[in-house]
Amino acid sequence: MKSYTTTEALLKRITEMETLRDKSEWNKEDEQVYAFLLELHALRLSMRNIKDDIKRTENNIDYMRDEFQDDKGMLVY
C-alpha cells in the first residue's frame with residue numbers, strides 16, 4: 001500500500017476511494033482498505049487534538065503559576 005504520511009495525501013486517497021465506491025467499482029478488499037484509511041485519519045485527528053489539549057493545559061498551568069508568583073511574591077516550581 002502506498003504511504004500516506006501527510007494528512008493531505010490520506011484525504012486525497014479517501015476521496016478517490018469514495019468516487020470509486022459511488023461508481024460501484026468496489027470489492028470487499030477496497031472496503032477494508034477504505035475503512036482502514038478512515039480509521040487512520042480519525043486517529044491522526046484525535047492525536048492532534050490530544051496534543052493541542054495538552055499544550056493548552058500546560059500553558060494554563062504556566063499562566064496560573066505566574067499569576068500566583070506575582071500575587072504572592074513567591075517562587076513556585
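Keep in mind that the numbers below use all heavy atoms, side chains included, and drop hydrogens, waters and symmetry copies.
- Each ring-ring contact (aromatic ring centres under 6.0 Å, His included) pair with one or both residues in residues 10-32, not counting sequence neighbours, appears once here: Trp26-Tyr34.
- Of all heavy-atom pairs spanning Leu37 and Ile14, the tightest one is O-CD1, 3.7 Å.
- Annotation: side chain of Leu45 is in contact with side chain of His41 (closest heavy-atom distance under 4.5 Å).
- Arg44 places no side-chain N or O within 3.5 Å of a backbone atom of Glu39 that could act as its donor or acceptor partner.
- The same ILVMFWY cluster, assembled from side-chain heavy atoms under 4.5 Å apart, contains both Phe36 and Leu38.
- Atom CG in Asp62 sits 12.0 Å away from atom CD in Glu67 (nearest 0.5 Å).
- Using a 4.5 Å heavy-atom threshold, the side chains of Asp30 and Arg21 count as separate.
- Taking the charged nitrogens against the carboxylate oxygens, Lys55 and Asp52 have no contact shorter than 4.0 Å, which rules out a salt bridge.
- Taking 4.5 Å as the limit, every side-chain heavy atom of Arg56 sits out of range of all side-chain heavy atoms of Asn59.
- Contact check for Asn27 versus Glu31: no side-chain heavy atoms found under the 4.5 Å cut-off.
- Results of the side-chain contact (heavy atoms from CB on, under 4.5 Å) test with Thr57 over Ile54, Ile61, Asn60 single out Ile61 as the only residue that passes.
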